[in-house]
Each structure stands twice: as C-alpha cells, then as structure tokens.
Amino acid sequence: MTIDRNSIESLFRKQGFEDFKWIEPREIVVAQWVRMKCTYGCGGYAKHSACPPNVPGVEECRTFFSEYTHAVVFHFAQAFANPEDRKEWCQGLNIELLKVEREVFLAGHRKAFLLFPGGCAFCGECAGTRVDCRNSKLIRPTPEALAMDVYATVWKYGLPVQVLTDYHQTMNRYAFLMIE
C-alpha cells in the first residue's frame, strides 16, 4: 500500500503532535543487551503485562520490525519538578498517541502499531500478564521491551537523548509508530 505521508502527518498535527520524524524500520537497532537490561536492570521485569518476559523474544522482535517499510518517531522533551508526575504525564500522552494509531489504522493502514514511551501507565498496579490485563485494548509495549536500542536508533536521525543523572533534568522520550 502506498503511504501518503502528507495525509498521515495531518493526522499527527490534528492530534497536536508536531515533533516527529519518518524513519526507516530497517534502521531500527534491535539488540540482545537491551533485553538483558530489562531482565537484570529494571524493577518492572516480570511485573508488567507489556514487558519481558510477556513480550516476544529478541529475534521475533527483529522480525516484527522487518515487516514494516515505514515508521515515525515522535519526540517528547519534558522536565518535572516532581518525578512522581511522570506517570500521569505518560498516561495522558499514551492515550493521545493511541488516538493517532487508531486514526492511521482507520486511514487504511491495518498494520499500524504504536510503541509507548515510558510504559503503559494505565493502571495503578499492573496485573502482570497480558491475559489478566484490565486494559488489554490499550496496552502497548515500549520500544525497549521489544529490544530496541532507542539511543542508537534516534542518534541515527540526529535526535537528542542522553543518560540523565537527576530526575529533574529534561528527559527526551520517544514513541514509535509502525505503519504499513
């Protein structure tokens, strides 16, 4: 199917998203080390419905990305006086991003699939498995959950991201919308 980027970009802007860039899915960096960081460096491992081990293996993730010829990365720069405000911000952002995914789907792109920045954040406490998820129609994985090296991927496109040393620093978060 031909992609009419102008009409899709109009959908983004209609939802208030201006900071985005088209990327090549074949340029997405998928790496085993990212999964290892999820497994051994994240307190959410095995506790969230859209995180390892509740997601496909690294090779399946690599195959998933290879099935697309178009992708968009959305950039969000945000700082918080109170780090606890991040979850509410992320939840609101994810709801708006899901609207974009739906609009792209309804425009004829049946494989539209969103990857959330910073996690699902819809429930106070995650059910822990996709089977028990209370918001199963809303849940999406993060890029990292699908073994994407977000740093290496966005650096290819000149987008900013760096390791933060303080919760009050401006963070650069990224959502990815896969489109076919």
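It should be emphasised that the depicted structure is a prediction, and the values quoted were computed from it without experimental measurement.
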Under the rule for side-chain contact (heavy atoms from CB on, under 4.5 Å), what residues qualify as partners of [X], not counting sequence neighbours?
X	result
Thr129	Asn54, Val131, Asp132
Arg35	Gln32, Thr39, Pro52, Val55, Val58, Cys61, Ala147
Val34	Ala31, Glu144, Asp149
Leu11	Glu103, Val104, Ala107

(Q) Once ring-ring contact (aromatic ring centres under 6.0 Å, His included) is applied, what residue pairs with a partner in residues 78-100 remain, sequence neighbours excluded? (A) Phe80-Trp89
Q) Which residue pairs pass the ring-ring contact (aromatic ring centres under 6.0 Å, His included) test with at least one member in residues 31-55, sequence neighbours excluded? A) none
Atom pair [atom1]/[atom2] of [X] and [Y] - distance to nearest 0.5 Å:
X	Y	atom1	atom2	result
Gln91	Glu96	CD	CD	11.5 Å
Thr153	Phe176	OG1	CZ	5.5 Å
Glu101	Leu115	CD	CG	9.0 Å
Ile3	Ile8	CD1	CD1	4.5 Å
Lys137	Arg102	NZ	CZ	9.5 Å
Leu138	Cys133	CG	SG	8.0 Å

Q | Salt bridge flag under 4.0 Å for residues Arg110 and Glu180 | A | no
**Q.** Expected output: side-chain His168 to main-chain Ala81 donor-acceptor under 3.5 Å
**A.** yes
(Q) For Ser10, is there any backbone N or O sitting under 3.5 Å from a side-chain donor or acceptor partner on Arg13? (A) no
Quick one: do [X] and [Y] end up in the same hydrophobic cluster if we chain Ile, Leu, Val, Met, Phe, Trp and Tyr together by side-chain heavy atoms under 4.5 Å apart?
X	Y	value
Leu114	Met148	no
Met171	Val163	no
Val72	Val100	yes
Met178	Phe74	no

Q: Start with the C-alpha gap between Gln15 and Leu97, add the side-chain angles, then the distance that decides, and say whether side-chain contact (heavy atoms from CB on, under 4.5 Å) holds.
A: CA-CA 8 Å; Gln15 294 293 335; Leu97 285 165; over 6 Å; no
Q. Does anything in residues 165-176 pair up under salt bridge (Lys or Arg N to Asp or Glu O under 4.0 Å), and if so which pairs, sequence neighbours excluded?
A. none
Q: Using ring-ring contact (aromatic ring centres under 6.0 Å, His included) as the criterion, list what pairs up with Phe122, not counting sequence neighbours.
A: Phe116
Q) Taking only residues two or more places apart in sequence, or in another chain, which ones meet Phe20 in a ring-ring contact (aromatic ring centres under 6.0 Å, His included)? A) Phe12
Q | Derivation and outcome, side-chain contact (heavy atoms from CB on, under 4.5 Å), residues Arg5 and His70 | A | CA-CA 10 Å; Arg5 288 187 176 190; His70 303 276; 3.6 Å; yes
Q. For Lys37, which residues count as a side chain to side chain donor-acceptor pair (under 3.5 Å) partner, sequence neighbours excluded?
A. none
Which heavy atom of [X] sits nearest a heavy atom of [Y], and at what distance?
X	Y	value
Pro117	Asn94	CD-OD1, 3.4 Å
Val150	Pro143	CG2-CB, 3.6 Å
Ala175	Phe76	CB-CE1, 4.0 Å
Ala112	Phe105	CB-N, 4.0 Å

[X] versus [Y]: any side-chain heavy-atom pair under 4.5 Å?
X	Y	answer
Arg140	Leu98	yes
Tyr167	Asn82	no
Tyr174	Val161	yes
Leu177	Phe113	no

Q.
Holding to salt bridge (Lys or Arg N to Asp or Glu O under 4.0 Å), I want the full list of residues that pass it with Glu67, two or more places apart in sequence or in another chain.
A. none
Q | Phe64 vs Leu146, side-chain contact (heavy atoms from CB on, under 4.5 Å): CA-CA, chis, key distance, verdict | A | CA-CA 9 Å; Phe64 166 75; Leu146 295 188; 4.1 Å; yes
Identify each donor-acceptor pair in which a side-chain atom of residues 21-30 lies under 3.5 Å from a protein atom, sequence neighbours left out, and give them as a table.
{"unit_1": "Lys21", "atom_1": "NZ", "unit_2": "Tyr157", "atom_2": "O", "d": "3.0"}
{"unit_1": "Trp22", "atom_1": "NE1", "unit_2": "Glu9", "atom_2": "OE2", "d": "2.6"}
{"unit_1": "Glu24", "atom_1": "OE1", "unit_2": "Arg26", "atom_2": "NH1", "d": "3.0"}
{"unit_1": "Glu27", "atom_1": "OE1", "unit_2": "Lys156", "atom_2": "NZ", "d": "3.2"}

(Q) For Glu18, is the CD atom crowded, meaning more than 12 foreign heavy atoms sit under 6.0 Å from it? (A) yes
Q. Is atom NZ of Lys47 surrounded by more than 12 heavy atoms (other residues, nucleotides or ligands) closer than 6.0 Å?
A. no
